[in-house]
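Per chain, numbering begins at 1; letters A, B, ... match sequence-line order.
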Amino acid sequence: MTLSIGTRVRFAVNGIPVGAEGPGSRRLLDVLRDDLGLTGTKEGCGEGECGACSVLLDGRVVNSCLVPIDQVEGCDVRTVEALSEDARLGLLRDAFLRSGAVQCGFCTPGMLASAAAFLGSGRKPSDENVREAIAGNICRCTGYTKIVEAIRVAAEDGEALDVSVAAAPAPDVAGSRAVVQAMPGLAPQRAPIPPAVDPARPNVVRPRTLDEALEALARDAHRPLAGGTDLMVALEAGVADSSVPLLDLWSLDELRGIAVVAAEDASGTPYLEIGALTTYADLRSSPIVQEHLPAFGAMAATVGAAQIQNRGTIGGNVVNASPAGDTLPLLLATDAVIVAASVRGTRPIRASGFWTGYRRTALAKDELVTRIRVPLPAGRPTRYRKVGTRRAQSIAKASVALSWRAGEDGAWRDVRVALGAVAERVIRAPRTEGLLEGARPSATLAGEAARLVVTEITPIDDVRSTAEYRRHVVGRVLRRMILDEIAGGPPAGEGLRR
Amino acid sequence: MNASRHRRDETLETLRGRDGDAARRSPPPAPIGLPVARADGRAKVTGEARYVADLTLPGLCHARLLRSPYAHARVVSIDTTAAAAHPGVVAVVTAADLPDVHLVYGHAVADHPLIADGKVRYAGEPVAGVVAEDLATATEALALIEVTYEPLPHVVDAAAALAPEAPVLHAKAGEQRPHRGFEEDIARAHPNVCSRSVQAWGDIEEAFGRAAVVVEGTYRYPMAYAYAMEPYTAMASFEAGGLTVWTSAQHPYMVRDDLARCFGLPLSAVRVVVPYVGGGYGSKSYTKIEPLTAALALRARRPVRLALSVEEAILTTRGDAATVSVRTAFDAEGRILGRDARIVLNSGAYAENSPLVARKAANRLGGPYRIPALRVESLAVYTNTAPASSFRGFGAPQATFAGESQMDEAAARLGLDALELRRRNLLSPGEPPWAKARGFDADLAADLDLAARELGWGAAAPGHGQAICVSMSDAGSEPITTAIVRVHHDGSVTLMCGSTEIGQGSATVLAQIAAGEMGVDLARVHFLNSDTAAVSYDRSTGASRTTTLMGLAIQAAARDARAQLCGWAQETLAPDGPAVVEERGGVRIGDRVHDWGAVVRAWFGTASGEVVGRGYLRRSGATAEMPPFYELGCVGIDVSVDEETGVIRVDRMVTIGDVGCAINPRLAEAQDVGAAIMGLGMAMREELLYDEAGNLLNGNLFDYRVPRFSDVPEMRPLLAERRDGVGPYGAKGGGEGALNPVAAAIANAVERAAGIRLREAPFTPERVWRALRERDSR
């Protein structure tokens, strides 16, 4: 069942079938640059922040520095070199040249990948949408305005020329793409055989089923790997123990999916069941989420940028247990259940008991998170806000989730206030909840809640801000959320400006 | 053509025609002045553009560095035995392994050992290097090196470093290297003073004695990181008695000079090649990792590549943090009587280019104003932090933040409109800012008017604040530059320059100048640059000098080529007359026209040969006076403040690029937008933070946040072209000007929006919130 040392991972790059050797945790970026000589894709920060290494993976933009080669098996990878046979990319290239969107050029290949993914998404090229599409790509030269202009020009030209903007066809590595002609630059630059064992790179075990994964976990120590957005950074930085093999869950489709399910208990309260491997992008684009729990979609939109949203998973976020984890306050505020599985069976763990300390959870060593269940009682609004240095693309400086049952008398009942990044773990604010319980929201009450909530949190001074400022901000955010509800409310999950 | 692009170009034309008298003069020869596409654009959008890390050599080895965990320590011993014995390791190198190498380099003060030599002066300083067959092996071997340190007292803060009992970084002063422009700066009042510059004239006591208003304050500009997206990368190879280094450097000739000195080689045996460069902004000027990479290659006896990570690049070079204490005296009408200031730069562990930054900060603190009495003392101070050096703006952002903040503070005290106060003090065209300086080469009053009109000065929306700030930099550096223009026998042209294309567009602009000067199609001009063995000398690519100074050298080289060609035409095609008449792209003899290619073929007698035109530039003629030109900044800003969170929202920015003549208006405009957004980053968020122990707390891209798309306001970049610069067709440099006034403009606009005065950048939400709280408690 496992990929043994030296096994080739097979995938297609720019339509040409290729294989890669070495530990499965090797970065796609290194395989592209070192093995295949495709040096158009640049290494910038190596930690998923700058976007210079962005490529298209099955039509979605990803940071190739965060993608373990093991997860590329059978996939279709497109790099800047490809793009000559791609009409969309051709338009983009021309638009970048004509609009003056290129200066030093180091960000350009990644920028083009994000732009191509955006054009392929069929979304309207509004200024706001374009900015969001490229939010994961840094450019230090241009000040960005020409890049936005270029992407809009390419979108307009694409419409004018009637170039299809549909997403690329599903990959079929085994089949027909082998007919694409070889391209210059594909020849390896240097010896393409990396060491089979790389001390800096753990080996990867890839189970075919959940049961296989659980058996592996019961047998030996493994580190579960989902989208890799945290773990790949830790490995690169040398802070994760590279002697522990990775258990790659990425191909376990049984851990994906979003559905509304009726509870088996007497209440029959429906719940939203979210597979652990559901990405932020999945959450954002799910009509089910939009209908039943829009705050989740709004939250997902504030996490990283497209590259991270396409890879980061809710299960990974839950298990990572960062006090700033984006999904956690919402899971607390909705009283969600985290389903853990092991060879011993499955058990539900309530969110209120799941995070036990700084980056600690109630999971046993042999357990995996498989599903998240979010109850959907009728008449229960849920709101989420995050304050960072920016609306998105920022680790949460503080985040607030608020949920209540609206009584017929206008009073709030069963109020839950959950807070992120203000203590060693994500927490509820019971005294504030008590204040709000059974009360009708008012400006006075909002002010009182703001004053009370700051007494319930223990934020820290760090390089981003002081505890004092964090306290203040959490109070103001909660106050504003309550005031907004009185006024009819802005869209849920809307962060404060920037 | 697309509608939006139509609009853009019309706007450009309208403004160029509207402003100044440029439109009334004859246009420069095409393609000069046209927004042609970048020469390097195609390679960059296809991924064909190769940067240093994309190059390889047969037998290439890879290097990793072991860095000091201590801010200040004696290196007692280094045991490399286990690392050297590790399979796959080719060489382990410490200072002790380099007895044949001159370890210490530095173009201003030679104080920087290429690898720690008995002492480390900042956390992160390289102590040993491992060369291995692959990076993983090198990384593994690093852990096998045993270093014993004896920690020493350290100092992180510049003010603390000036205390009498402060730990001393350099017991012996580094050798002062010849470096024209700040010969007077070597006095060391304290052993931690790396350099001291004074700019002074007039009677300062008398000026303050009769002042109607004096404004006084201390302004802090952050320790910032330029963040070129491509980290420092170099590849070195010794072969055939010489050394070749491929590197991401802005000044290949300066790097060559340092390498020659380190390795005892003649300049001709050192070749520095600069391929595509992923951004510079000053951070890749002068020598960085090249001597160390070459030393590793020397011991490895193999070619070596050293590619730093972003984290390591931050530890290699940063910008000078500044504390500027300044007071300015005004008379009752708002005329400046005098300015008295002290600038203290936190320059880090080594001098690098900080002495020149200190000098320039002193020169630039006066701004573009007539100041009867001025006294500025500017210190570059050693601290146990990563070395500071050149960074876009070069002392001007630090100085302008203080100076322009004071102009608005004074306007409020005097009850004057802030722009009116500036108008009363601006230098007039032709007026030198200080004795022996070149006359002022701009009309900033007109720029102010243009910015005011575009911003809608005085019509800020409720809750918003506006400000317009200006800056002046004595720019251009030394006018020491050469160029070669070769005209081939088919009439096409090869342009050979030492200027480095770092994204600013020099490959395009310089080719445009050559094409215009030679009268040939731009597509027939090819540009070769930044290879010290292949092209001729250019002192540097920095200080916004390339278009102006290399442009002049190219003009001279083209003139030389044309003069030779005219002579050849006379000699070969019309030895007995009639007189050859030069025309665009060739000569006319009687009623027959011969293009340059025909002249070359005629002179050599067959389809062979070429003419070589040479251009030299030095302190002589039009470039005799210093500075070669002034770089101007004029930035208008509209902001609002979220009183709940302290978040400043910058809604609009207007920049006036006073560039004399935009050789390529699109590229000139693009420079201004990029510079303004970089300025916005430092004003709003960017700051490297050290803890008491001397550890950099946020030395990575995750914690050190540079502007992203979501931070960019509505931008309105305008160009003012009055043909008043010394360069080709009146050009003068740009690219820094739009950065320099940004912090002051935001601070002044926030003062109008929220009634708080910010004197410490960056203006983080928390700092703003604290200022708001203080305001409310008053």
Part of [X] within contact of chain B (heavy atom distance under 4.5 Å):
X      : answer
A:T466 : both
A:E468 : both
A:S465 : both

Side chain from CB out, backbone as N, CA, C, O: work out which of these in [X] comes under 4.5 Å of a heavy atom of chain A, or both, or neither.
X      : answer
B:L701 : both
B:R770 : side chain
B:Y227 : both
B:S309 : neither
B:M229 : both
B:E714 : neither
B:A670 : both

Heavy atoms only, distances under 4.5 angstrom: which of [options] has the most pairs with chain B? Name it, please.
options                        : result
A:T145, A:I134, A:V148, A:T108 : A:I134
A:I138, A:T41, A:D127          : A:I138
A:C107, A:G40, A:G105          : A:G105
A:G475, A:C141, A:G100         : A:C141

Subject >> Summary of ring-ring contact (aromatic ring centres under 6.0 Å, His included) pairs that have at least one residue in residues 95-114 of chain A, sequence neighbours excluded >> reply: A:F106-B:Y51
May I ask you to decide whether [X] forms a salt bridge with [Y], counting only side-chain N to carboxylate O separations under 4.0 Å?
X      : Y      : value
B:D711 : B:R708 : no
B:R685 : B:E766 : no
B:E312 : B:R64  : no
A:D94  : A:R98  : no

**OP:** Assess whether side-chain contact (heavy atoms from CB on, under 4.5 Å) is satisfied between B:M682 and B:L739, documenting all intermediate values.
**Re:** CA-CA 10 Å; B:M682 285 175 282; B:L739 186 159; 3.9 Å; yes
Subject >> Winner by heavy-atom pair count (cut-off under 4.5 Å) against chain A, out of B:D703, B:T508, B:L697, B:N698 >> reply: B:D703
Original post:
For B:E686 and B:Y225, does a side-chain donor sit closer than 3.5 Å to a side-chain acceptor?
Top reply: no
Subject >> Between A:N137 and A:Q307: side-chain donor-acceptor atoms closer than 3.5 Å >> reply: yes
Give every donor-acceptor pair under 3.5 Å between a side-chain atom in residues 673-681 of chain B and any protein atom, sequence neighbours left out.
none

Original post:
With a cut-off of under 6.0 Å to the ring centre and 45° to the axis, is B:R773 in cation-pi contact with B:W769?
Top reply: yes
